[in-house]
Amino acid sequence: MVDRSTPPTRPPLSGASLVLRLAGIAVVVAAVAGAFAYVNGTLDPQRLTPKKLINVLETNNGVHPGFRRNHSKGVCVIGHFESSFDARSYSSAQVFNQARTPVVGRFALPAGNPYAPDGAVPIRSMALRFTQANGQQWRTGMNSMPVFPVGTPEAFYQFQQAQSPVPATGKPDPAAVPAFFASHPESAPFLAWIKTAKPSASYVTETYNSVNAFYLVNAAGQRQAVRWSMVPVAQDAPVATAPAGTDFLEKDLVQRIAAGPLRWQLNIILANPGDPVNDASKAWPEGRKVLNAGTLVLESTQPQLNGECRDINYDPLVLPAGIEGSDDPLLAARSAGYSNSYLRRTSEVSQLPAAKQEAQQ
Ligand code: HEM
């Protein structure tokens, strides 16, 4: 039998080995602290960090506790996706290989003010979370513009800085945005689009684009670069002028969905060799092969203050097996920035107007 009553004794540490051991611990602690400082950006104040990206959005839009730091004004939607099976030879993702996948989505306006009038900007967004039967998810955030104004996170940051209030007036410098565009020729396709774009009267008549590129990967491991668009099915033509008032988009959506489900076709655009897959400011030429991958069916809405979409981070790099991110640098910046925004807003949920109202009742 082994005697466990007396613990084995260790020889006492000599002075030298004690110093060595403490030095070893100090090295490990310093390395960990250094890693944190690197991730935080404190080692190199010039480095663009997720915190800086979100701080500049707060500077420009104000802090609205509990709300997203961008695309703050929105509404949740519930529905499902019906696969056409046309994308299954390109992707092993279950969403394309199974008849029906449940979806929780969100329509929104870009910019960080949850009280902005709906007519303030001509851009609308659609975000979707597909939850596959195997538990894997596909999250995507799409915009109604076909291309992004810039191709890198650094340029996005500078673009935001150009819109920040300056100390002398407390307002943005009116010359800063034109100066930004003058030094960023890559913005030309976006500027050409925005020149004629009008704020739509409805979320329902819009086409929503992935803007960034991704890869579809099939069971044999073959990769195809793609972008995708959600195109409205059999809906009336866009109304040229948005109605007066500030909050017409959500009312319009609630009314239309009460009359029956709303549908979009998922078009997947296949890149030709040589098409830019790492630059969201560049359009792909016309004439690319397009797959009709299936139909999005939206069946009900929920207010964003307590709906299912509120606590979803539509991080574009949450992808199922069979869909992969490209090396577009905006994707990693979006993923890190959305997570920073998500951490801020979810820690403030008790300050949302709905939570305040409930607390008062
Ligand atoms: C570096 C560039 C970008 C930054 C820093 C940025 C930042 C943000 C942030 C902070 C949010 C709110 C996230 C949350 O709290 O859940 C957001 C939402 C969104 N962004 Fe971006 N964004 C960038 C580029 C893009 C691009 C290229 C697209 C193109 C489609 C896009 C589409 C969207 C959409 C659709 C939403 C709304 C998602 C929702 O409804 O929750 N963003 N963005």
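As the structure lists them, so they are numbered: ligands from 1, and atoms in each ligand from 1. One-based numbering along the sequence shown. Values reported hereafter were calculated over all heavy atoms of this structure, with side chains retained and with hydrogens, waters and symmetry mates removed.
Ligand-side atoms of ligand 1 in range of Tyr314: 39 (C), 41 (O), range being under 4.0 angstrom from any heavy atom. Listed by number with element, the atoms of ligand 1 under 4.0 Å from a non-hydrogen atom of Gly141 are 30 (C), 35 (C). Numbered from 1 in the order shown, with element, the atoms of ligand 1 that lie under 4.0 Å from a heavy atom of Ser125 read 35 (C). Near Asn212, with a cut-off below 4.0 Å to any heavy atom, the atoms of ligand 1 are 27 (C). For ligand 1, the atoms lying closer than 4.0 Å to a non-hydrogen atom of Ile54 are 10 (C).
Here Asn70 does not reach atom 21 (Fe) of ligand 1: none of its N/O/S atoms is less than 2.8 Å from the metal.
Side-chain N or O atoms of Trp284 include one that pairs as donor or acceptor with a backbone N or O of Pro276 at under 3.5 Å. Side-chain N or O atoms of Ser144 include one that pairs as donor or acceptor with a backbone N or O of Arg124 at under 3.5 Å. Proximity of a side-chain donor or acceptor of Gln132 to a complementary backbone N or O of Val95 within less than 3.5 Å is detected. Looking at Tyr342, its side chain does come within 3.5 Å of a backbone N or O of Asp311 through a donor-acceptor pair.
Asp328 and Asn278 share no side-chain donor-acceptor pair at under 3.5 Å.
Looking only at protein heavy atoms, the nearest one to atom 40 (O) of ligand 1 is Arg106 NH1, 2.6 Å. With respect to atom 38 (C) of ligand 1, the closest heavy atom belonging to the protein is Ala127 CB, 3.9 Å. Nearest protein neighbour of atom 43 (N) of ligand 1, counting heavy atoms only, is Tyr338 CE1, 2.9 Å. What sits closest to atom 16 (O) of ligand 1 on the protein, heavy atoms only, is Arg345 NH2, 2.8 Å. Regarding atom 32 (C) of ligand 1, its nearest protein heavy-atom neighbour is Arg334 NH2, 3.2 Å. For atom 5 (C) of ligand 1, the nearest protein heavy atom (residue, atom name, distance) is Phe156 CE2, 3.4 Å.
Residue nearest to atom 37 (C) of ligand 1, selected from Lys73, Arg68, His71: His71 (by heavy-atom distance).
Between Lys282 and Glu186, none of the side-chain N atoms (NZ, or NE/NH1/NH2) sits under 4.0 Å from a carboxylate O, so this pair counts as no salt bridge. Look at Lys73 and Glu250 and you find no salt bridge, because none of the NZ, NE, NH1 or NH2 atoms lies under 4.0 Å from a carboxylate O. Between Glu348 and Arg69, at least one side-chain N (NZ, or NE/NH1/NH2) sits under 4.0 Å from a carboxylate O, which counts as a salt bridge.
Between Gln265 and Met230, every side-chain heavy-atom pair lies at or beyond the 4.5 Å cut-off.
Ligand 1 has no nitrogen or oxygen under 3.5 angstrom from a nitrogen or oxygen of Asn143. For ligand 1, none of its N or O atoms has an N or O atom of Asn313 under 3.5 Å away. Backbone and side-chain nitrogen or oxygen atoms of Ser341 are examined, and one is located within less than 3.5 angstrom of a nitrogen or oxygen of ligand 1.
Remark: Arg223 is positioned above the aromatic ring of Tyr215, its terminal NZ or CZ atom under 6.0 angstrom from the ring centre and at most 45 degrees off the axis.
Phe67 and His64 have perpendicular rings, their planes meeting at more than 60° on a 0 to 90° scale where under 30° would count as parallel.
By the 4.0 Å heavy-atom criterion, Ser210 is counted among the residues contacting ligand 1.
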